[in-house]
Q: 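Mind looking over this structure? Questions follow.
We number each residue from 1, following the sequence as shown.
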Amino acid sequence: MIFQIRPVLGGFQLSAAAAQGVSTSGGATGRLFGTSGERISVLQKKITGSAKLIRSGGEIIGETEIIRKEGKTFYLARKKDKMCAKAELTCRPCSGAVSLIRPPQGVHLDMDTPYGRWQADRQQDQSVLFIRESTVIGKISPFFSIRPQIFACAGDYPAAFWAVMYVFASYMMHEGDVDII
């Protein structure tokens, strides 16, 4: 499954680029997920923090949020008040002297999903890889690029689930951002 990602007012939109075939990466039960033209909108609830996932028909698929406690950062995804994914962020401290201008950078997520334990890793080129059982099953093209963003992922999982993974990756990539008030 390949999504094209484009910014829209108040968030971004993931659009399935082409019809999908059944993948054999050992994911869900070999079912076909995602169809050509399927769109999922991710709209921010507030400037920073939580987001709502909304299918093009207006149906709310899920909600994500960031939780910070005891010096750790967690990302949660809920579907109808039931948790469906949780991720713990690992940050890399900035090189050199610590400053308020350059905070630590998010580099790794350990995720508990309905499909098992997954990891997401930030790459040197600012892309993100999704890994399940030592196999790469998804890749988001570099964030912070002038080129359109592409999300190539295994077709064994629902498009709504991949939208949640995109939101988690986006949170990780923007973790070190400094908000100027």
Side-chain angles (χ1 to χ4, degrees), residues 1-17 20 23 25-69 72-90 106 108-122 127-132 136-141 143 149-175 177:
M1 182 177 331
I2 296 177
F3 289 106
Q4 294 177 344
I5 299 158
R6 61 182 196 140
V8 295
L9 188 60
F12 41 90
Q13 187 172 68
L14 287 78
S15 302
Q20 309 305 315
S23 172
S25 64
T29 57
R31 291 178 288 179
L32 179 65
F33 291 108
T35 57
S36 180
E38 182 173 7
R39 291 184 181 176
I40 297 175
S41 297
V42 179
L43 302 176
Q44 294 298 121
K45 285 173 58 177
K46 45 188 170 178
I47 299 291
T48 59
S50 300
K52 275 188 184 179
L53 303 180
I54 300 178
R55 195 176 296 262
S56 61
E59 172 193 359
I60 296 175
I61 317 170
E63 200 170 311
T64 62
E65 67 178 307
I66 300 173
I67 304 288
R68 299 182 203 293
K69 64 179 176 182
K72 294 184 178 185
T73 302
F74 299 94
Y75 305 146
L76 302 176
R78 291 187 177 91
K79 185 175 185 176
K80 296 181 182 171
D81 294 330
K82 182 179 177 185
M83 189 171 72
C84 62
K86 178 182 178 182
E88 181 178 353
L89 177 69
T90 302
H108 179 79
L109 289 174
D110 286 310
M111 299 181 284
D112 290 320
T113 74
Y115 307 106
R117 300 265 312 151
W118 288 22
Q119 294 84 39
D121 288 320
R122 181 182 200 148
S127 63
V128 176
L129 297 179
F130 291 92
I131 302 163
R132 179 177 185 256
V136 175
I137 57 172
K139 180 179 181 182
I140 302 174
S141 64
F143 283 77
Q149 211 170 10
I150 302 294
F151 188 3
C153 47
D156 295 344
Y157 308 99
F161 177 72
W162 283 116
V164 168
M165 294 297 103
Y166 181 80
V167 172
F168 283 2
S170 179
Y171 284 161
M172 175 177 68
M173 297 302 285
H174 293 284
E175 186 64 33
D177 290 357

Q: Looking at Phe3 and Ala159, what are the two nearest heavy atoms and their distance?
A: CZ-CB, 3.6 Å
Q: Taking atom NZ of Lys80 and atom CD1 of Ile60, what is their separation to the nearest 0.5 Å?
A: 10.0 Å
Q: Check Ile61 against Lys79 and note the closest heavy-atom contact, atom names and distance.
A: O-CG, 3.2 Å
Q: Measure the spacing between CG of Leu14 and CZ of Arg39 and express it to the nearest 0.5 Å.
A: 11.5 Å
Q: How are the rings of Tyr157 and Tyr115 set to each other: parallel, tilted or perpendicular (split at 30° and 60°)?
A: perpendicular
Q: To check you understand the geometry: which heavy-atom pair defines the closest contact between Pro114 and Cys84, and what is its length?
A: CD-O, 2.8 Å
Q: Is the shortest heavy-atom distance from the side chain of Met111 to the side chain of Phe130 under 4.5 Å?
A: yes
Q: Between Gln149 and Ser141, is any side-chain donor less than 3.5 angstrom from a side-chain acceptor?
A: no
Q: Which atoms form the tightest heavy-atom contact between Gln13 and Ser41, and what is the distance?
A: NE2-OG, 3.3 Å
Q: Check the angle between the aromatic planes of Phe161 and Trp118 and answer parallel, tilted or perpendicular using the 30° and 60° thresholds.
A: perpendicular
Q: If I take atom OG1 from residue Thr90 and atom CE from residue Met172, how far apart are they, to the nearest 0.5 angstrom?
A: 9.5 Å
Q: Hey, could you give me the OH/CG distance between Tyr171 and Leu89, rounded to the nearest 0.5 Å?
A: 12.5 Å
Q: Give the minimum heavy-atom separation between Val42 and Ala51, together with the two atoms involved.
A: CG1-CB, 4.1 Å
Q: Give, for atom CD1 of Ile150 and atom CD of Gln4, the distance between the pair rounded to the nearest 0.5 Å.
A: 5.0 Å
Q: Treating Trp162 as the side-chain partner and Gly155 as the backbone partner, does any N or O pair qualify as donor plus acceptor under 3.5 Å?
A: no
Q: Are the side chains of Phe168 and Thr64 in contact, using a 4.5 Å heavy-atom criterion?
A: yes
Q: Return the CZ to CD1 distance between Arg117 and Ile131, rounded to the nearest 0.5 Å.
A: 13.0 Å
Q: Please report the shortest heavy-atom distance between Ala160 and Leu53, naming the atom on each side.
A: O-CD1, 4.3 Å
